[in-house]
Peer 1: 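I am attaching a structure below and will ask some questions about it afterwards.
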Protein chains: 2
Amino acid sequence: MALANKKGATAKLRSAAFKRVRADHSAELAGDYVEMIADLIDERGEARCTDLAMRLGVANATVVKTLKRLTDQGLVTQEPYRAIFLTGDGWKMAEDGKRKHMVVENFLLALGVSADTARIDSEGIEHHVSADTLKAMARFLSRNPIN
Amino acid sequence: MALANKKGATAKLRSAAFKRVRADHSAELAGDYVEMIADLIDERGEARCTDLAMRLGVANATVVKTLKRLTDQGLVTQEPYRAIFLTGDGWKMAEDGKRKHMVVENFLLALGVSADTARIDSEGIEHHVSADTLKAMARFLSRNPIN
DNA sequence: TACAAAGTTTAGCATAGGCTAACTTATATG
DNA sequence: CATATAAGTTAGCCTATGCTAAACTTTGTA
């Protein structure tokens with residue numbers, strides 16, 4: 001009995017990490033979209049379907065479908081055949097994501113990897129970095145500035 | 001024309017990171033499964049469906065379905081109602097994964113995050129760390145040993 | 001040995017995230 | 001101003017990854 005409980009508890013602890021990873025994954029796409037929409041609006045005043053598709057490397061139709069989900073989630077607004085906008089929540093998520101992304105990418109640079117690697121790896125890593133780890137990265141960064 | 005080309009090239013570069021992330025994700029599950037199967041075999045001589053399900057935090061049927069894919073991919077062997085084994089490729093993948101996991105987790109510890117955070121975050125991060133970044137982490141680790 | 005419990009598998013469903021092809025709308029230009 | 005081209009949308013398909021419920025094997029034990 002004691003053993004069974006201990007086994008159960010251990011498995012539960014262990015499985016928590018995997019559950020977190022799966023949760024991260026579903027949040028990830030939304031984060032990437034809103035960040036990119038924010039970038040496009042900053043750069044050129046508006047975000048269009050085609051630009052998103054190109055930058056994400058997916059088909060147009062995929063973007064349309066995903067945007068529908070994001071609209072349902074209250075992150076994005078749009079009208080047919082028109083540009084895409086962010087809601088308040090969307091902007092917040094975009095900004096949080098961008099800040100996080102910046103820390104992770106700069107951290108990798110400070111660690112000594114190439115700019116290309118930092119750009120690519122940070123894209124995958126950022127969504128799995130907890131607040132604690134982000135703080136540790138920022139601390140490292142402040143002690144080991146890039147050049 | 002020159003501008004159009006430049007735009008296309010930039011988008012292509014940018015989209016590469018996202019393509020990598022998507023590719024990482026499909027490889028990720030396989031990695032987690034084989035690592036865990038290897039652990040179970042090491043710990044208790046055999047890996048069973050139920051243990052995998054508990055540790056991964058998913059339903060039994062999900063494990064069965066995934067194992068079918070892994071068998072098709074030549075990573076795992078099994079017979080109905082019997083324990084699960086790894087092929088040569090499976091073992092190799094498990095060992096590579098474990099080594100990588102170890103570096104990432106220890107790296108996070110060396111960076112100063114808690115053991116719990118290191119365990120959880122490393123699970124998500126490891127699959128997005130390129131060879132270059134892994135090397136940089138190992139280098140940091142050798143200069144900043146844990147305790 | 002027979003049967004109950006534990007473990008495994010199958011069937012059927014849902015959602016997310018991809019794709020292509022066909023269609024509709026907006027826009028720029030001759 | 002008419003129309004060709006670019007952009008956006010819809011429909012329909014696929015795979016991966018989850019789930020529950022029901023059926024089937026294995027195994028330990030009365």
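Convention: sequence-line order gives letters A, B, ...; per-chain numbering from 1. Source: prediction; values computed, not measured.
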Peer 1: Please report whether the ring centroid of B/H127 lies less than 6.0 Å from that of B/H101.
Peer 2: no

Peer 1: Look at the rings of A/H25 and B/H25 and say which category their plane angle falls in: under 30° parallel, 30 to 60° tilted, over 60° perpendicular.
Peer 2: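 Aromatic pair A/H25/B/H25 classed tilted.
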
Peer 1: Both A/K68 and B/K65 contact DNA chain D. Which one's nearest nucleotide lies toward the 5' end?
Peer 2: A/K68

Peer 1: For A/M54 and D/dA7, what is the distance between atoms CE and C1' respectively, to the nearest whole Å?
Peer 2: 12 Å

Peer 1: Among the candidates D/dC19, D/dA7, D/dT9, find the nucleotide nearest to the side-chain atoms of A/R48.
Peer 2: D/dA7

Peer 1: Which part of the nucleic acid, if any, lies within contact of B/T50, taking any heavy atom under 4.0 Å across all strands shown: a base, the sugar-phosphate backbone alone, or nothing?
Peer 2: sugar-phosphate

Peer 1: Could you tell me the separation between the CG atom of B/L29 and the P atom of D/dA16, rounded to a whole number of Å?
Peer 2: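 So the two atoms are 11 Å apart, to the nearest Å.
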
Peer 1: Check the distance between D/dG18's C1' and B/L67's CG and give it to me in whole angstrom.
Peer 2: 15 Å

Peer 1: Assign B/V64 to base, sugar-phosphate, or nothing according to its heavy-atom contacts below 4.0 angstrom with the strands shown.
Peer 2: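 Since a base atom lies under 4.0 Å of B/V64, the category is base.
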
Peer 1: Map A/P80 and A/T66 onto DNA chain C by nearest heavy atom, then report which one ends up closer to the 5' terminus.
Peer 2: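 Its nearest nucleotide lies further toward 5', so the answer is A/T66.
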
Peer 1: Would you say that more than 12 heavy atoms from the other residues, nucleotides or ligands in this model lie under 6.0 Å from the NZ of B/K135, or not?
Peer 2: no

Peer 1: Can you check the B/Y81 OH to D/dT25 P distance for me, whole Å?
Peer 2: 5 Å

Peer 1: OP1 or OP2 of D/dC19 versus the side-chain N and O atoms of B/T62: is any pair under 4.0 Å?
Peer 2: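 It does, given that an N or O in the side chain of B/T62 lies less than 4.0 Å from OP1 or OP2 of D/dC19.
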
Peer 1: For DNA chain C, whose closest nucleotide is more 5', that of A/S26 or that of A/A61?
Peer 2: A/S26

Peer 1: Which of these nucleotides, C/dG18, C/dT27, C/dT10, is closest to any side-chain atom of A/R82?
Peer 2: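 Nearest listed nucleotide: C/dT27.
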
Peer 1: Mind checking B/R22 for me? I need base, sugar-phosphate or nothing, with any heavy atom below 4.0 Å counting as a touch.
Peer 2: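 If one applies the 4.0 Å heavy-atom cut-off, B/R22 turns out to touch the sugar-phosphate alone, with no base involved.
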
Peer 1: So how far is it from A/E105 CD to A/L108 CG, rounded to the nearest 0.5 Å?
Peer 2: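 Taking CD in A/E105 and CG in A/L108, the distance rounds to 7.5 Å.
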
Peer 1: Would you mind reading off the distance between B/Q78 atom CD and C/dT8 atom C1', rounded to a whole angstrom?
Peer 2: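 Value for this atom pair: 10 Å.
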
Peer 1: Would you indicate whether the side-chain heavy atoms of A/V104 and A/L134 approach each other to under 4.5 Å?
Peer 2: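 A/L134 reaches A/V104 side chain to side chain.
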
Peer 1: Measure from CZ on A/R69 to C1' on C/dT15 and round the result to the nearest Å.
Peer 2: 8 Å

Peer 1: Check each residue of residues 31-41 of chain A for a non-hydrogen atom within less than 4.0 Å of any atom in DNA chain D, then write out the ones that pass by number, or none.
Peer 2: none

Peer 1: Run through A/E123, A/E35, A/E43 and flag the one making a salt bridge (Lys or Arg N to Asp or Glu O under 4.0 Å) with A/R55.
Peer 2: A/E43

Peer 1: Take atom CG of B/N60 and atom P of C/dT10, then tell me their distance rounded to the nearest Å.
Peer 2: 12 Å

Peer 1: Taking CG from A/L56 and P from C/dA16, how many angstroms apart are they, rounded to a whole number?
Peer 2: 18 Å

Peer 1: How long is the straight-line distance from CD of A/E28 back to CG of A/D32, given to the nearest 0.5 Å?
Peer 2: 6.0 Å

